[in-house]
Amino acid sequence: MSEPAVLRVVVDGAEREVAAGTTGAALYEGRRDVVAVRTTAVGGAPELRDLSRELADGDAVEAVEVGSPDGLDVLRHSTAHVLAQAVQSLHPQAKLGIGPPVRDGFYYDFDVEVPFTPEDLKALEKEMQRIVKEGQTFARRVVTDSEARAELADEPYKLELIGLKGGTGSPEAGDEVAEGASVEVGAGELTIYDNVRRGGEVAWKDLCRGPHVPSTRLLANGWQLTRTAAAYWRGDQANQQLQRVYGTAWPSKDELRAHLERLAEAERRDHRRLGAELDLFSFPDEIGSGLAVFHPRGGVIKREMEDYVRRRHVEEGFDYVGTPHISKQALFETSGHLPYYADTMFPPMELENAQYYLKAMNCPMHNLIFRSRGRSYRELPLRFFEFGSVYRYEKSGVVHGLTRVRGLTQDDSHSYCTPEQAPAEVEKLLGFVLGLLADFGLDDYYLELSTRGTGDKFIGSDEEWEQATEVLRGCAERTGLELVPDPGGAAFYGPKISVQARDAIGRTWQMSTIQYDFNQPARFGLEFTAADGSHQQPVMIHSAKFGSLERFFGVLVEHYAGAFPPWLAPVQVVGVPVAEDFAPHLHDVVRQLKAQGIRAEVDDSDDRMQKKIRTHSKAKVPFVLIAGGDDVEAGAVSFRYRDGSQDNGVPVAEAVARIVEAVRSRVQV
RNA sequence: GCCAGCAUGGCGCAACUGGUAGCGCACCCGACUUGUAAUCGGGCGGUUGCGGGUUCGAGUCCCGCUGCUGGCUCCA
């Protein structure tokens, strides 16, 4: 059957007839913002294609604009190609890994003899600039496995990807090859892209699935190389370590600039920086990596958090308990932690012929409290709660401010209940957690459901896991929040719902957790006496609301950029007299505030007023109360808020009431 | 743990190709003090993370350790 001369196609929803041989580029001529097309062939799934691809009869085609998520991916991946070309131009011996788009940019991995330096990065940017200016086109070419092997004989990593793809290629093959590698060898046929100069000369080529922007010129000035790092080939620690170069890429220079400005803003919010500036906490080298000390101002916030969550636990029917920081080895063998997690526990200390471990978790000790006497079904659900100090030997490279530490405080609870009670208990805990987040003003988070993975890391039967997972899934889904699956991310003893929050620099951190555990009750031989006199095993629900007090603290600092709502602010009110003579008036106001439990003080220093305002603005004090002659005469004070706005001549009684109410209601001001 | 980079008074920075450490803020002292983000003057403070080496001489070069930063792996 010969090709028809006229093709019937659908372009952005509208039926059209075009001549055979028409390309996407022809359809969108003059549309500089279109970088690729999304084509749905007859009977096929939508697929991103180069603009240069010819249409077939019956194709439905949509424009992929550079600003759309797919368009940005195409742009960023194309930039990665230019980077790779630049690297091989300056370092001919470099072997290619993979080069996918990532959030805000791209990376490309290389095997090079000598790791890249910052100077190399500059040289690479220069070379990339040259390639971009040349306006090379990306030309797609379908090859067979054996052709690809012949052409890429010098590229061992690409050969490996071809091998992994396994010839025919199932739809999932790309995903299983390596994270990000689907951009090189996707489903179906293998393709090589040639970078072609104006004169038709092939400047460079790479095994790649595409699509790409039509010409390197489209990359314009919207990209930048950002950093270098090492990365394991195919993400496996056992593999060769490659050199990764990260970059960012945007449709225009303005958008690049805006991105860089966002990064600068994130840096200003970084809790490590604000922690030092606001005198909240520090990490003395003398104590050790990942071990924080809280200064008086940070201590206020920490105590407010503790007071809040302790009170809330009691209100929710938890019993406050206490357990030690160390324990003999056998306890953690019983719990299963030692066989499974010994390498993240600090090494033991030996005394009196016994091995003592710093505890990395509280549950085993709570189990002993449960077991300390006979338990009745009437007591269930029985809920134990404490601030448990735990120590985990986190690898040196992962310690990070307050969000990844080696010594942390969990607001840890364990609910012991019957299997029948478990769903309601999980529901209750989830409601508790979400209410807590709301009270702290957190809104940027999502839920994650961590389930059993493959391997022998997980204990218990499939049926038990299935049942526990379904209980958690049902509760999580009923919240209506975004729920992200996390296969293989469960604890060894059971599945988990967690709340994931994003920090200032885009990293996500696990905060609140709810875990369903049917294993430990069995390992500890926990039982209760049922109504019929029989002895039965409870299930336990682990839950941490903040997760780690330290991590939650760090996320709060970033969330508020250090400008805490009044109820959390270390200093809530500072009085600034316009001149010395008016200080007594403010002392009187502060006395009234303190009587209401407000953290208030008067700035009696001999700085001038303007300097005092600057000082307390920088300290992000929520209420600065200013008083001069007018205020004293009127029995009033003048508010200055953190945004610089003023409210002058407020009667003292009203001012006090206003502040007390702001603290009580936990609002932001 | 792996790769790379960094490490100067409390904080932020300076010190040409190696020649015996400077500045601002903070802090202390004194003077000043009338309306919303820095008053003026003076002073204290570092042997340049720790240990070793090269050199006539090291903050500057080399090695080891500790810590930090960015990734990777990991994360109960």
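Note that the structure is a prediction, hence the values are computed from the model and not measured. So that the names make sense, note that chain A is the first sequence line, chain B the second, and so on, each numbered from 1.
- Residue contacts shown for A/Y232 include a base, since a base heavy atom lies under 4.0 Å away.
- Across all strands, A/S638 comes closer than 4.0 Å to base atoms (heavy-atom distances).
- If you check every strand for non-hydrogen atoms under 4.0 Å, A/S289 touches sugar and phosphate atoms only.
- Within the shown strands, B/G64 is the pairing partner of B/C50 under the Watson-Crick or G-U definition, both distances less than 3.5 Å.
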*Which parts of nucleotides 40-50 of chain B does protein reach within less than 4.0 Å, heavy atoms only, written one letter per nucleotide 5' to 3' as B for base, S for sugar-phosphate only and - for none?*
-----------
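- Nearest to the side chain of A/Q646, among B/C72, B/G71, B/U36, sits B/U36.
- A/Y393 comes within 4.0 angstrom of sugar-phosphate atoms only, judged by non-hydrogen atoms across all strands, and of no base.
- Between A/E277 and A/K618 there is no salt bridge, since none of the side-chain N atoms of the basic residue sits less than 4.0 Å from a carboxylate O of the acidic one.
- Pairing partner, B/A4: B/U69, with both Watson-Crick or wobble hydrogen-bond distances short of 3.5 Å.
- Open room surrounds CZ on A/R297; 12 or fewer heavy atoms of other groups in view lie less than 6.0 Å from it.
- Salt bridge status for A/R272 with A/D270: present, with a side-chain N to carboxylate O gap under 4.0 Å.
- As judged by a 4.0 angstrom heavy-atom cut-off over every strand, A/H616 is placed among residues making no nucleic acid contact.
- The residue A/K496 sits close only to the backbone: its heavy atoms come under 4.0 Å of sugar-phosphate atoms, none of a base.
- A cation-pi arrangement is absent between A/R452 and A/F458, since the terminal nitrogen or guanidinium carbon is not both under 6.0 Å from the aromatic centre and inside a 45° cone about the axis.
- Note: A/H313 and A/F318 have perpendicular aromatic rings, judged against thresholds of 30 and 60 degrees for the angle between ring planes.
- Ring geometry for A/Y516 versus A/F518: interplanar angle of 30 to 60°, hence tilted.
- Across all strands shown, B/C28 forms a Watson-Crick or G-U wobble pair, both distances under 3.5 Å, with B/G42.
- Heavy atoms of A/F582 sit under 4.0 angstrom from at least one base atom.
- Across all strands shown, A/M361 has heavy atoms under 4.0 Å from base atoms, whether or not it also approaches the sugar-phosphate.
- Between A/E448 and A/K496 no salt bridge is recorded (no basic side-chain N to carboxylate O distance below 4.0 Å).
- Within 4.0 Å (heavy atoms only), A/D236 reaches no atom of the nucleic acid at all.
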